[in-house]
Amino acid sequence: MSVYDQARRLQRKLKDSKEYQNYQELREKVMEKSGSKKMLLDYQNLMIKLQNKRIAGEELAEGDKEKLQNLQNLIEINNSVKKYLEAEYQLSKMINDIQKIVFSELDIGISEEELESETEEEKAEK
């Protein structure tokens, strides 16, 4: 069986998993209600905006921090959005764990040790 066939089998297993099924059910519930859907989309858009600022090395403005805190407080009250985000986290965690398993024994790219030794060699040459 080819690697691609195995990947498709894994995809089907993931789709059939209780984590994915739970995620899909909760996603549908959130998306049915316009208020919950708007809250979730506002939260996700704000998170992306804040992550982009962090990546760019920008300080987070107090207004952004306050807006995030307010949205998080609303999410704590809105049980369907809260449960959806928890399910999304569990699904993401499972996928990350699978990725670690798949790539753990593969030697791809340059390791941290190799990068560090290269840097030490460059320093020694100077």
Side-chain angles (χ1 to χ4, degrees):
M1 186 174 286
S2 78
V3 173
Y4 295 103
D5 291 336
Q6 292 285 5
R8 284 187 215 34
R9 282 184 69 199
L10 178 57
Q11 177 196 43
R12 286 190 297 274
K13 291 281 187 188
L14 286 170
K15 257 184 128 171
D16 292 340
S17 72
K18 68 178 193 259
E19 292 85 355
Y20 183 76
Q21 296 298 317
N22 184 46
Y23 165 80
Q24 282 298 98
E25 286 174 26
L26 292 168
R27 183 179 185 280
E28 286 175 24
K29 285 181 185 176
V30 167
M31 295 310 214
E32 286 174 355
K33 298 176 184 168
S34 62
S36 295
K37 180 180 177 180
K38 181 177 179 349
M39 183 186 300
L40 176 63
L41 295 176
D42 287 348
Y43 177 74
Q44 290 179 330
N45 286 328
L46 181 59
M47 291 300 291
I48 290 168
K49 177 183 169 186
L50 297 180
Q51 285 174 345
N52 287 337
K53 282 186 174 186
R54 284 189 188 126
I55 290 169
E58 295 177 31
E59 285 260 341
L60 298 182
E62 283 303 314
D64 288 336
K65 290 178 186 178
E66 192 175 307
K67 190 173 183 181
L68 178 61
Q69 186 62 52
N70 290 339
L71 271 171
Q72 288 173 334
N73 290 341
L74 288 173
I75 288 169
E76 282 296 316
I77 296 167
N78 187 319
N79 207 32
S80 61
V81 174
K82 181 181 175 185
K83 284 184 177 185
Y84 166 79
L85 289 171
E86 289 168 354
E88 182 181 58
Y89 172 78
Q90 290 301 319
L91 181 62
S92 294
K93 185 178 181 316
M94 182 177 70
I95 291 169
N96 286 333
D97 290 346
I98 290 168
Q99 184 178 2
K100 285 178 189 174
I101 293 166
V102 169
F103 292 104
S104 66
E105 297 295 318
L106 299 178
D107 192 20
I108 298 174
I110 300 171
S111 69
E112 285 185 38
E113 295 84 25
E114 291 169 319
L115 287 172
E116 289 172 5
S117 69
E118 182 68 28
T119 304
E120 290 173 16
E121 289 173 13
E122 288 174 0
K123 287 179 184 176
E125 289 175 3
K126 291 181 181 178

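Nothing here was measured: the structure is a model prediction, and the numbers come from that model.
A pairwise comparison of heavy atoms in S17 and M94 identifies OG-CE, 3.7 Å as the closest pair. A87 approaches L26 most closely through the heavy-atom pair CB-CD1, 3.6 Å. Minimum interatomic distance between K82 and I75 (heavy atoms only, all atoms of both residues): CB-O, 3.4 Å.
E86 and K83 are not joined by a salt bridge, as no carboxylate oxygen comes within less than 4.0 angstrom of a charged side-chain nitrogen.
Applying the side chain to side chain contact (heavy atoms under 4.5 Å, CB included) test to I101 and every residue at least two apart in sequence or in another chain returns nothing.
With contacts defined as side-chain heavy-atom distances shorter than 4.5 Å, the pair Q69/Q72 qualifies. Between Q21 and Q24, every side-chain heavy-atom pair lies at or beyond the 4.5 Å cut-off. In this structure the side chain of L85 reaches within 4.5 angstrom of the side chain of E88, judged on heavy atoms. By the 4.5 Å heavy-atom criterion applied to side chains, L14 and Y20 are not counted as neighbours.
Remark: side-chain polar atoms of N78 are not paired, donor with acceptor, to backbone N or O of L74 under 3.5 angstrom. Between the side chain of R9 and the backbone N or O of D5, no donor-acceptor pair lies under 3.5 Å.
Taking CD of Q11 as the reference point, atom CD of Q6 lies at 13.5 Å (rounded to 0.5 Å). Interatomic distance, E58 CD to K49 NZ, rounded to the nearest 0.5 Å: 10.0 Å. Between the CD atom of E32 and the NZ atom of K37 there is a distance of 11.0 Å, given to the nearest 0.5 Å.
More than 12 non-hydrogen atoms from other residues, nucleotides or ligands lie less than 6.0 angstrom from CG of L106. In this structure, N73 places its CG atom where more than 12 heavy-atom neighbours from other residues, nucleotides or ligands lie under 6.0 Å away.
Counting only N and O atoms by type, the side chains of E19 and Y23 include no donor and acceptor under 3.5 Å apart.
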Trace of the side chain to side chain contact (heavy atoms under 4.5 Å, CB included) decision for E25 with E28: CA-CA 5 Å; E25 286 174 26; E28 286 175 24; 6.0 Å; no
Under the side chain to side chain contact (heavy atoms under 4.5 Å, CB included) criterion, do L68 and L60 qualify, and how do the steps go? CA-CA 11 Å; L68 178 61; L60 298 182; over 6 Å; no
Test N22 against Q90 for side chain to side chain contact (heavy atoms under 4.5 Å, CB included), laying out the working first. CA-CA 10 Å; N22 184 46; Q90 290 301 319; over 6 Å; no
